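Worth saying up front: this structure is predicted, and the values here are computed from it rather than measured. Order of the sequence lines sets the chain letters (A, B, ...), proteins ahead of strands, with each chain counted from 1.
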Number of protein chains: 2
Amino acid sequence: MIDAAGLRVMRAIADEGSFTAAALSLGYSQPAISQMVRRLETRTGTTLVERVGRSVRLTEAGQVLARHAGPVLSALDAAEEEVAAIAGLRSGRVRLMAFPSASATLVPRALAKVKAEHPGVSITFSEAEPPESLAALRAGECDLAVAFAYEGTDLGRGEEDLDAFVTTPLLDDEVLLAVPRDHELAASGNVDMAALKDETWIAGCPRCRGHLLQLASEAGYVPDVAYETEDYVAVMGLIAEGLGIAVIPDLILRTVHHEEVAALPMTPASRRNIVAVTTPDLQRVPAVKATLDALVESAREASAKAGQRTTRGGTKSAKCKPVPTA
Amino acid sequence: MIDAAGLRVMRAIADEGSFTAAALSLGYSQPAISQMVRRLETRTGTTLVERVGRSVRLTEAGQVLARHAGPVLSALDAAEEEVAAIAGLRSGRVRLMAFPSASATLVPRALAKVKAEHPGVSITFSEAEPPESLAALRAGECDLAVAFAYEGTDLGRGEEDLDAFVTTPLLDDEVLLAVPRDHELAASGNVDMAALKDETWIAGCPRCRGHLLQLASEAGYVPDVAYETEDYVAVMGLIAEGLGIAVIPDLILRTVHHEEVAALPMTPASRRNIVAVTTPDLQRVPAVKATLDALVESAREASAKAGQRTTRGGTKSAKCKPVPTA
DNA sequence: CAGATTCTATAACAGACAGTTATCGATCTC
DNA sequence: GAGATCGATAACTGTCTGTTATAGAATCTG
């Protein structure tokens with residue numbers, strides 16, 4: 001019934017003392033004020049302004065409206081300002097989820113970028129593997145997820161979500177073969193998967209294990225998986241001790257070094273696609289967009305270095321003692 | 001930019017959890033909500049609602065708006081309620097001015113009526129003679145004035161105000177001649193003004209004095225005004241002591257009794273018109289209207305009694321000692 | 001006292017806006 | 001897989017909210 005515009009007009013009349021002055025101060029024409037007052041009067045059913053001579057004076061009811069204008073309008077301004085702060089990246093909150101090994105460099109770097117450019121944006125971050133992070137995204141508990149999929153597979157959900165989600169490629173992570181530095185293959189420039197039929201394997205996370213099974217299956221055998229752990233530091237330790245070999249994404253190898261482990265490119269080459277996932281709606285939220293951009297940028301930087309690193313890792317020759325598989 | 005309607009919609013969406021339910025609760029159609037949200041989103045430049053599946057969820061910015069809706073809308077409601085209270089006579093304030101002798105019965109009775117029928121209406125009352133009360137009305141310091149004019153004269157202002165003011169007749173007050181009870185004329189049923197050429201007069205307020213001068217002038221003489229006082233109790237005392245005679249409106253005689261004073265009708269008959277004056281705008285203010293109505297009603301009651309009283313006063317015979325004029 | 005100025009009211013009009021109904025596509029449920 | 005439910009969209013409509021132009025009234029001024 002009564003709207004903010006009406007209050008604004010009444011306050012202006014109270015402040016300025018005349019319709020004309022009120023119109024001027026609000027940037028309206030004089031008849032607009034005249035009509036607005038009349039509208040308000042018919043709506044409230046009361047006289048709000050007393051027309052005396054060539055000036056006007058507010059009646060008691062009019063003064064009531066003018067008096068209420070302050071609180072209401074400032075509350076509205078506060079709301080608008082708060083939204084504008086979010087829109088203008090002076091504020092905002094992003095709930096980010098990423099799988100563990102992305103937390104090592106990609107995510108921290110992106111977080112630092114966002115913090116540097118938009119100090120007002122706060123990002124909460126938690127680790128989750130792709131299936132859970134997508135579920136959280138779908139459940140509204142997460143705004144942006146960093147997930148991965150091995151080439152040729154999906155993100156762990158059905159294809160139903162193809163248009164419910166927006167996927168932005170971040171990195172193409174090459175999957176390497178990690179062997180003890182003194183393994184017989186450590187010197188080869190490239191290892192054929194088929195040649196690893198008799199090796200003992202160490203599997204990582206469930207999806208990584210699935211990927212290993214798939215690779216072996218394509219090479220025509222079922223791998224002997226002796227160990228399973230999601231802790232890549234442990235994986236490296238196991239490899240270094242000669243207890244097995246593993247397929248490990250380059251991104252992880254870059255973080256978890258081990259002197260006694262060598263990484264080699266494989267045939268067929270296998271890649272892990274790291275992507276950022278959000279929804280079309282959330283992607284338009286400025287803070288989410290900014291974080292996504294930061295992720296893309298730090299992925300680009302990491303990708304440049306990755307090329308060097310992969311080459312180095314791939315060509316690094318091994319010349320140490322072989323350790324029998326357990 | 002953001003208006004109350006927008007906040008109301010956002011809050012409804014937050015409360016109800018869907019556009020359709022929000023539309024239902026607000027009495028709108030579903031597309032109206034859909035469009036409203038889109039409008040708000042373009043205006044704020046941010047996504048406010050996350051469309052997930054067949055349901056919706058508020059983004060951070062959307063939650064901000066929904067959160068602000070409460071205070072703003074309740075403040076608006078409070079304003080509306082307050083105005084409605086004034087319009088609906090559950091509240092309201094009337095500043096009433098009346099000339100002194102109207103304060104005796106007419107005004108108190110009207111005040112009592114208003115208080116009984118509309119306890120929320122508060123009336124402030126002050127005494128003022130017609131010229132001042134009209135000035136106050138014009139100056140906005142008064143909402144309703146009770147004034148009087150002797151028949152054939154105006155209210156003390158020029159006729160310029162004929163349409164700026166609204167005048168409501170209240171009483172037709174007959175002007176009587178007050179003489180000592182033992183005055184030689186006290187027995188007459190009706191006294192001719194012309195026969196009072198040699199009397200000594202007591203004048204009341206300035207305008208009453210003017211009225212006396214006019215009556216005498218019409219009768220062809222200039223009265224000998226020996227005393228002037230606005231205090232009618234004093235006037236009665238003076239008359240009772242035989243120091244002079246006076247023309248006094250019946251309304252006053254009804255309040256200020258004096259055993260030793262008789263009141264007689266005069267020829268030519270002279271009347272004092274008591275009216276209520278306000279402005280067209282103020283007349284539409286319910287509290288003012290109610291007070292005006294109460295005045296009219298109590299005037300009607302007083303008028304009925306006045307007939308009886310005047311007759312009695314006029315026919316009351318005097319049989320006491322004559323007192324020489326001073 | 002008359003003219004100038006300044007204010008509000010009104011008329012006529014234009015555009016935007018906020019609703020409507022009808023319909024579609026998508027999703028969740030049984 | 002069928003039906004129900006929900007949101008998006010299209011097309012349309014009426015009202016509302018501004019505008020400009022002009023008239024009328026009141027105050028100020030010379």
Side-chain angles (χ1 to χ4, degrees), chain A residues 1-10 12-13 16-43 47-59 62 138-140 157-165 279-281 284, chain B residues 1-10 12-13 16-43 47-59 62 135 138-140 157-165 279-281:
Chain A
M1 185 173 185
I2 292 179
D3 59 347
L7 292 187
R8 205 185 308 273
V9 166
M10 292 305 294
I13 294 173
E16 306 290 335
S18 81
F19 283 15
T20 302
L24 202 63
S25 92
L26 293 177
Y28 288 153
S29 65
Q30 171 265 315
I33 304 295
S34 199
Q35 294 174 135
M36 184 60 144
V37 170
R38 195 170 48 186
R39 269 196 296 274
L40 281 174
E41 287 183 334
T42 59
R43 277 190 235 184
T47 305
L48 298 176
V49 170
E50 198 183 336
R51 281 78 165 176
V52 43
R54 88 178 182 188
S55 186
V56 295
R57 183 181 314 114
L58 296 188
T59 65
R138 174 170 277 266
R157 309 275 303 187
E159 302 299 318
E160 43 175 350
D161 298 324
L162 268 185
D163 51 348
F165 289 146
T279 67
D281 289 320
R284 298 214 310 276
Chain B
M1 187 170 184
I2 293 179
D3 59 347
L7 292 187
R8 203 186 311 273
V9 167
M10 290 307 293
I13 294 172
E16 306 290 336
S18 82
F19 283 15
T20 301
L24 201 63
S25 92
L26 293 178
Y28 289 151
S29 64
Q30 172 264 315
I33 304 296
S34 198
Q35 293 173 144
M36 182 62 132
V37 170
R38 194 171 48 184
R39 267 197 297 274
L40 280 174
E41 286 183 334
T42 60
R43 278 192 247 195
T47 306
L48 297 177
V49 171
E50 199 183 337
R51 281 79 167 174
V52 43
R54 89 176 181 187
S55 185
V56 295
R57 182 168 38 228
L58 296 188
T59 64
R138 174 170 279 265
R157 308 275 302 186
E159 301 300 318
E160 43 174 351
D161 298 326
L162 268 186
D163 52 346
F165 289 148
T279 67
D281 284 324

Rounding to an integer number of Å, can you tell me how far [X] [atom1] sits from [N] [atom2]?
X: B:Ile33; N: C:dT21; atom1: CD1; atom2: C1'; answer: 16 Å
X: B:Glu41; N: D:dT9; atom1: CD; atom2: P; answer: 11 Å
X: A:Glu16; N: C:dT8; atom1: CD; atom2: C1'; answer: 16 Å
X: B:Glu50; N: D:dG7; atom1: CD; atom2: P; answer: 14 Å
X: B:Phe19; N: C:dT27; atom1: CZ; atom2: P; answer: 16 Å
X: B:Leu26; N: C:dT20; atom1: CG; atom2: P; answer: 11 Å
X: B:Phe165; N: D:dA26; atom1: CZ; atom2: C1'; answer: 14 Å
X: A:Arg57; N: D:dA26; atom1: CZ; atom2: C1'; answer: 14 Å

Any ion pair linking A:Glu41 and A:Arg51 (charged N to carboxylate O, less than 4.0 Å)?
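A salt bridge links A:Arg51 with A:Glu41.
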
Under the side chain to side chain contact (heavy atoms under 4.5 Å, CB included) rule, what do A:Ile13 and A:Val37 come out as? Steps first, then yes or no, please.
CA-CA 10 Å; A:Ile13 294 173; A:Val37 170; 3.4 Å; yes

Verify the contact: side-chain N or O of B:Ser34 to OP1 or OP2 of D:dG7, cut-off strictly under 4.0 Å; return yes or no.
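For D:dG7, neither OP1 nor OP2 has a side-chain N or O of B:Ser34 closer than 4.0 Å.
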
Do any side-chain nitrogens or oxygens of B:Arg51 fall under 4.0 Å of OP1 or OP2 in D:dA8?
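Answer is yes, contact under 4.0 Å.
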
Can any side-chain N or O of A:Thr59 pair as donor or acceptor with the backbone N or O of A:Thr47 at less than 3.5 Å?
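A pair under 3.5 Å: yes.
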
How would nucleotides 13-20 of chain D be written as a contact map, 5' to 3', with B for base contact, S for sugar-phosphate-only contact and - for no contact, using protein heavy atoms under 4.0 Å?
----SBBB

Take A:Met36 and A:Tyr28 through the test side chain to side chain contact (heavy atoms under 4.5 Å, CB included) and record every step on the way to the result.
CA-CA 11 Å; A:Met36 184 60 144; A:Tyr28 288 153; over 6 Å; no

Atom [atom1] of [X] and atom [atom2] of [Y]: how far apart are they, to the nearest 0.5 Å?
X: B:Arg57; Y: B:Glu50; atom1: CZ; atom2: CD; result: 4.5 Å
X: B:Met10; Y: B:Leu58; atom1: CE; atom2: CG; result: 4.5 Å
X: A:Ser18; Y: A:Ile33; atom1: OG; atom2: CD1; result: 9.5 Å
X: B:Leu40; Y: B:Met1; atom1: CG; atom2: CE; result: 9.0 Å

Estimate the overall bend of the helix from C:dC1-D:dG30 to C:dC30-D:dG1 from the end axes over five pairs each, rounded to 10 degrees.
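Here the helix ends are tilted 30° relative to one another.
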
Heavy atoms from C-beta onward define the side chain here; which of D:dG7, D:dT27, D:dT9 lies closest to that of B:Arg138?
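Closest nucleotide among those given: D:dT27.
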
Select base, sugar-phosphate, or nothing to describe what A:Thr20 touches, counting heavy atoms under 4.0 Å on all strands.
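Base contact - A:Thr20 has a heavy atom under 4.0 Å of at least one base atom.
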
Tell me every residue that passes side chain to side chain contact (heavy atoms under 4.5 Å, CB included) with A:Leu7, counting only those two or more places apart in sequence or in another chain.
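Checked A:Leu7 against side chain to side chain contact (heavy atoms under 4.5 Å, CB included); matches are A:Ile2, A:Leu65, A:Ala69, A:Val72, B:Leu76.
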
